[in-house]
There are 2 protein chains.
Amino acid sequence: MRRIADSTVRRLSLYLRFLEESTNRGLVTISSDELARRGGTTSAQVRKDLSFFGSFGKRGLGYSVPELTESLREILGLRRDWQVIIVGAGKIGTALAQYRGFRQRGFRVTAVYDRDPKKIGTRWDALTVRDMAEIERDIQKEHPDIAVLTTPAEEAQVVVDRLVSAGMRALLNFAPIQLQVPPDVTLKNVNMAMELEGLSFALTNRDR
Amino acid sequence: MRRIADSTVRRLSLYLRFLEESTNRGLVTISSDELARRGGTTSAQVRKDLSFFGSFGKRGLGYSVPELTESLREILGLRRDWQVIIVGAGKIGTALAQYRGFRQRGFRVTAVYDRDPKKIGTRWDALTVRDMAEIERDIQKEHPDIAVLTTPAEEAQVVVDRLVSAGMRALLNFAPIQLQVPPDVTLKNVNMAMELEGLSFALTNRDR
DNA sequence: ACATGTGAACTGCTTCACAGCG
DNA sequence: CGCTGTGAAGCAGTTCACATGT
């Protein structure tokens, strides 16, 4: 398989969302044009994105909603559940741990870590905040798939180094800092400061 | 001014972060190469990014940390404060409203809205949750600059339409849905579901 | 007739490489 | 000599346009 662009994967994720919505509305087929309108892209883009993985449509007709849904789940690796740990039990970590959308999509939060003794042992729903000191042991025992980082920026790189050497290979970073990871580790960033500054730039330079 | 790529603006935001860090470490000058290493890019990229806005460096020397910091603040529109409202007082909205990083960077959360009567009137810090019904009036009176959307996905588009017709021109959307806005409105998305699915894809297709 | 699938053209971001200047 | 600033080249992602299959 040829290398797939990040932008393509993001759009596949969107298409899947529309397909799920279409299923709920009882639609049986959908065209690349309809998928494109909802995703703010073009029909050619939709077809090109899908073409990297195979031929899923019927000429003259469009795509079968259930079949394309299943194909996208397969492509995105969503036919299985993923074990997620959250590192950092601050405001955002807490909010994420309790966020329903995760489990609904097959991302099961199985542990939350913090190093603050006041937080360790606290319970939310079925989760107890664990001691950061135990994280290496736990990773080697429980093999979580994805770590979500919600520590303060100052600690994030140190924590990442620990997670990576303990074996984590997929990280979602919320700390407003660019982390360094080895090439076999996949890192995605959610950087609200950056997005806000993007809005600030747009507002400032609107009428150029 | 020529149209600036989104990716460029995001990097400028990163450069600014490193510059602030460099200031704290007492550095006086910095080279494009150093900026590049921290941002996971190349020195040519750094120089090209900056070149869209002017010449900030000294040949043979590099960039003055305080001068480049100030220039980037200017470019990104960060020499003023921005008024931010949060729409949706759920888990994530609550976490964001209390997030210190916002105010530190000049983004002042001035109001939080929800339509749930049980939440309206609740106080956090200096903020009281306001009734969603009053949002149009408030926008016209208080002229907030940026709205952060943390409503459930089902309600997000309706809320956006209300915000836009009330005059909002910059939106940061946390709902896992692609929103439609007119071309004069700037919309940025933070979509955790999409990032997680990107990680799922990477983990699944790693050894292609 | 209609919508897909895809090579070819195009657009625009990134990288190169070097002239220019301190 | 070192590092910036920048045209030119390279490359990746997007769009076009049409042959193809139903």
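We use all heavy atoms of the structure for the numbers below, so side chains are in, but hydrogens, waters and symmetry mates are not. Just so we're clear, the structure is a prediction, and the values are computed from it rather than from any experiment. Naming convention: chains lettered A, B, ... in sequence-line order (proteins, then strands); numbering from 1 in each chain.
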What I want to find out is whether A:E20 reaches A:R25 closely enough, with some N-O distance under 4.0 Å, to be called a salt bridge. no
Using a 4.0 Å heavy-atom cut-off to protein, can you give one letter per nucleotide of nucleotides 4-10 of chain D, 5' to 3': B if the base is in contact, S if only the sugar-phosphate is, - if neither? BBBBB--
Check this one for me: any side-chain N or O of B:S7 less than 4.0 Å away from OP1 or OP2 of C:dT14? yes
Side chain to side chain contact (heavy atoms under 4.5 Å, CB included) partner of B:M132, the single match among B:D116, B:T151, B:V159: B:V159
Can you tell whether the side chains of A:R10 and B:E197 come within less than 4.0 Å, N to carboxylate O? no
Is it true that A:D145 and A:R80 make a salt bridge, defined as a side-chain N closer than 4.0 Å to a carboxylate O? yes
Is the shortest distance from a Lys or Arg side-chain nitrogen in B:D6 or B:K188 to a carboxylate oxygen in the other one below 4.0 Å? yes
Under the criterion side chain to side chain contact (heavy atoms under 4.5 Å, CB included), which of A:V160, A:N173, A:L163, A:T186 is the partner of A:V181? A:V160
Spacing between B:D6 atom CG and D:dT14 atom C1', to the nearest angstrom: 16 Å
OP1 or OP2 of C:dC13 sitting under 4.0 Å from any side-chain N/O of B:Q45? no
Heavy-atom contacts under 4.0 Å between residues 10-27 of chain B and DNA chain D, which residues? none
Without decimals, in angstroms, what is the distance between A:L68 CG and C:dA3 C1'? 14 Å
Quick test of your reading of the model: are A:E136 and A:R130 salt-bridged, counting only N-O distances below 4.0 Å? no
As a quick check of understanding, evaluate ring-ring contact (aromatic ring centres under 6.0 Å, His included) for B:F102 and B:Y99, giving each step before the final call. CA-CA 6 Å; B:F102 279 178; B:Y99 179 51; 5.3 Å; yes
